[in-house]
Amino acid sequence: PDLTPETQHEFAVAAVDAAGNESPKSVPLLVSTTVLVDSFDDNDAVASYGWGEWKSFHDGTAKDGLTRLELDAPGFDGSGAQLFYTVDSGDWGFANIYLDFLGGNSVDLTDSDIVGLNFKMSGRQGSKFNVQLGTPLAQWNWKYYQFTFEATSEWTQVNLLLERDFYPSASGIPYSIQEVLKNMTSLVFETTDVGTSGWLVIDEVEFTTPTSTVNYDGSTGSGSGGTRLTVTASFGLVVLLGWLLIHW
């Protein structure tokens, strides 16, 4: 069934034999839907539920005019946000698409019990990107907690746990990831791969809570200490299993 984002639901199952005898119900399973950030179906820069605004930035050897953001690109289902970029050869350069939380004001994700990040992505095969947790704590040293991945030409679901899969972008980072989660200003998808051109599309960006029904297959990603994870169960599957048990 279609479930409203940011709501909790309780499921229990029972078995019925051929004579119509019903077993006691199982211990209830409490789950919640994921917290939608943006599905991009409205084709504008404003994220869902007041999370902020999508923007793009580039600097260094990233070329003006060749780095741009389109918010009405073909997505996984409907529209997606697409970054086109060119980072010339040189010492450094970067291009990104980022969600600016509340005009750069800090957001405490722990207030909403957020523990994970999900998104779908497609891009130039092998293009290297980081998902960074933007924070004013990094203002003077530009050291972030991030997850590194390589884009795939086919749509791929990426599911991450923030405290497990994000790692420091450099040594000597002077703050913990727990401090970052209490003081976040942006969510950044960025490439710093000098001498490359490419594109990345993201869609269905959402946060997860401890009770979100997201299962993980444990497949390995390209991040240092991180994992690329794929959803293997959904609310529909939970309901289907319950129906089968009841009518077995």
Side-chain angles (χ1 to χ4, degrees), residues 1-7 33-58 62-87 94-104 107 109 112 114 116-134 147 149-160 184-191 193 196-209 212-214 221 228-231 234-236:
D2 293 328
L3 300 177
T4 303
E6 301 184 64
T7 55
T33 54
T34 53
V35 181
L36 179 67
V37 176
D38 210 349
S39 63
F40 303 101
D41 289 338
D42 51 10
N43 299 333
D44 64 28
V46 179
S48 302
Y49 298 98
W51 277 105
E53 184 177 355
W54 291 99
K55 300 178 180 179
S56 179
F57 188 70
H58 64 278
K63 276 204 168 182
D64 290 332
L66 297 179
T67 299
R68 68 186 191 276
L69 171 64
E70 295 184 359
L71 293 166
D72 58 353
F76 176 81
D77 182 16
S79 299
Q82 184 166 17
L83 172 71
F84 294 93
Y85 67 90
T86 294
V87 184
F94 67 88
N96 64 38
I97 171 177
Y98 68 99
L99 178 61
D100 182 12
F101 291 144
L102 305 176
V107 172
L109 295 186
S112 301
I114 290 170
L117 170 69
N118 298 347
F119 61 93
K120 291 182 173 66
M121 66 84 181
S122 175
R124 181 185 178 189
Q125 185 71 36
S127 299
K128 297 178 182 178
F129 278 83
N130 298 315
V131 188
Q132 296 175 340
L133 306 180
F147 173 82
F149 67 92
E150 290 188 1
T152 56
S153 57
E154 300 294 327
W155 280 101
T156 300
Q157 173 78 43
V158 181
N159 297 333
L160 305 171
M184 274 187 61
T185 53
S186 60
L187 179 66
V188 185
F189 297 80
E190 180 172 281
T191 181
D193 202 5
T196 64
S197 296
W199 53 275
L200 177 75
V201 188
I202 57 173
D203 200 359
E204 298 184 11
V205 181
E206 58 189 13
F207 288 125
T208 57
T209 62
S212 297
T213 53
V214 178
R228 178 172 293 156
L229 306 162
T230 304
V231 173
S234 67
F235 290 107

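Quick note: numbers below take in every heavy atom, side chains included, and nothing from hydrogens, waters or symmetry partners. Here the structure is a predicted model, which means the values were calculated and not measured.
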| query | Which is it for L117 and F147 under the side-chain contact (heavy atoms from CB on, under 4.5 Å) test, yes or no, and what are the steps along the way? | reply | CA-CA 11 Å; L117 170 69; F147 173 82; over 6 Å; no
On a heavy-atom basis, the closest approach of A81 and L71 is CB-CD2, 3.8 Å
Closest non-hydrogen contact found for A151 with L200 is CB-CD1, 4.1 Å
Practice prompt. Scan side-chain atoms only and decide if E190 and N130 contain a donor-acceptor pair under the 3.5 Å cut-off.
Written response: no
Looking at N118, is its backbone amide N or carbonyl O close enough to the side chain of N159 to form a donor-acceptor pair, meaning the two atoms are under 3.5 Å apart? no
(message) Taking the side chain as everything from C-beta on, heavy atoms only, tell me whether W199 gets closer than 4.5 Å to L83.
(response) no
- request: Measure the shortest side-chain to side-chain distance between L109 and L133 over non-hydrogen atoms and say whether it is less than 4.5 angstrom.
  value: no
Determine whether F101 and W51 satisfy the following criterion, ring pair (Phe, Tyr, Trp, His ring centres under 6.0 Å), listing intermediate values before the conclusion.
CA-CA 6 Å; F101 291 144; W51 277 105; 5.8 Å; yes
In short, Q157 meets K120 closest at the heavy-atom pair OE1-NZ, 2.8 Å
Distance col, row S122:OG vs Q82:CD, nearest 0.5 angstrom, shows 8.5 Å
Residues L99 and A47: closest non-hydrogen pair is CD1-CB, 3.8 Å
Residue pairs meeting salt bridge (Lys or Arg N to Asp or Glu O under 4.0 Å), one or both in residues 38-52, sequence neighbours left out, come to none
Ignoring hydrogens and geometry, is there a side-chain-to-backbone donor-acceptor pair from S112 to I114 under 3.5 Å? no
When rounded to the nearest 0.5 Å, the distance separating CE of M121 from CD1 of I202 is 11.5 Å
I'd like to know if the side chain of Q125 reaches the main chain of S153, judged simply by a donor and an acceptor atom lying under 3.5 Å from each other, with no hydrogens or angles considered. yes
Rounding to 0.5 Å, atoms CZ (F40) and CD (E204) come to a distance of 10.0 Å
All heavy atoms of F76 vs all of D203, minimum pair found to be N-OD2, 2.9 Å
Evaluate the side-chain contact (heavy atoms from CB on, under 4.5 Å) criterion for residues L69 and K55: first the C-alpha distance (whole Å), next the side-chain angles of each, then the deciding distance (0.1 Å), finally the verdict.
CA-CA 8 Å; L69 171 64; K55 300 178 180 179; 5.6 Å; no
With sequence neighbours left out, the residues meeting salt bridge (Lys or Arg N to Asp or Glu O under 4.0 Å) with K128 are none
>> Any side-chain to backbone donor/acceptor pair from T191 onto D193? Under 3.5 Å, distance only.
In response: yes
Applying ring-ring contact (aromatic ring centres under 6.0 Å, His included) to F119 and not counting sequence neighbours gives F149, F189
* Check against side-chain contact (heavy atoms from CB on, under 4.5 Å), V107 and T185 -> CA-CA 6 Å; V107 172; T185 53; over 6 Å; no
When every non-hydrogen atom of A95 is compared with those of Y85, the smallest separation belongs to CB-CB, 3.7 Å
dist F129:CZ -> R124:CZ (nearest 0.5 Å) comes out at 10.5 Å
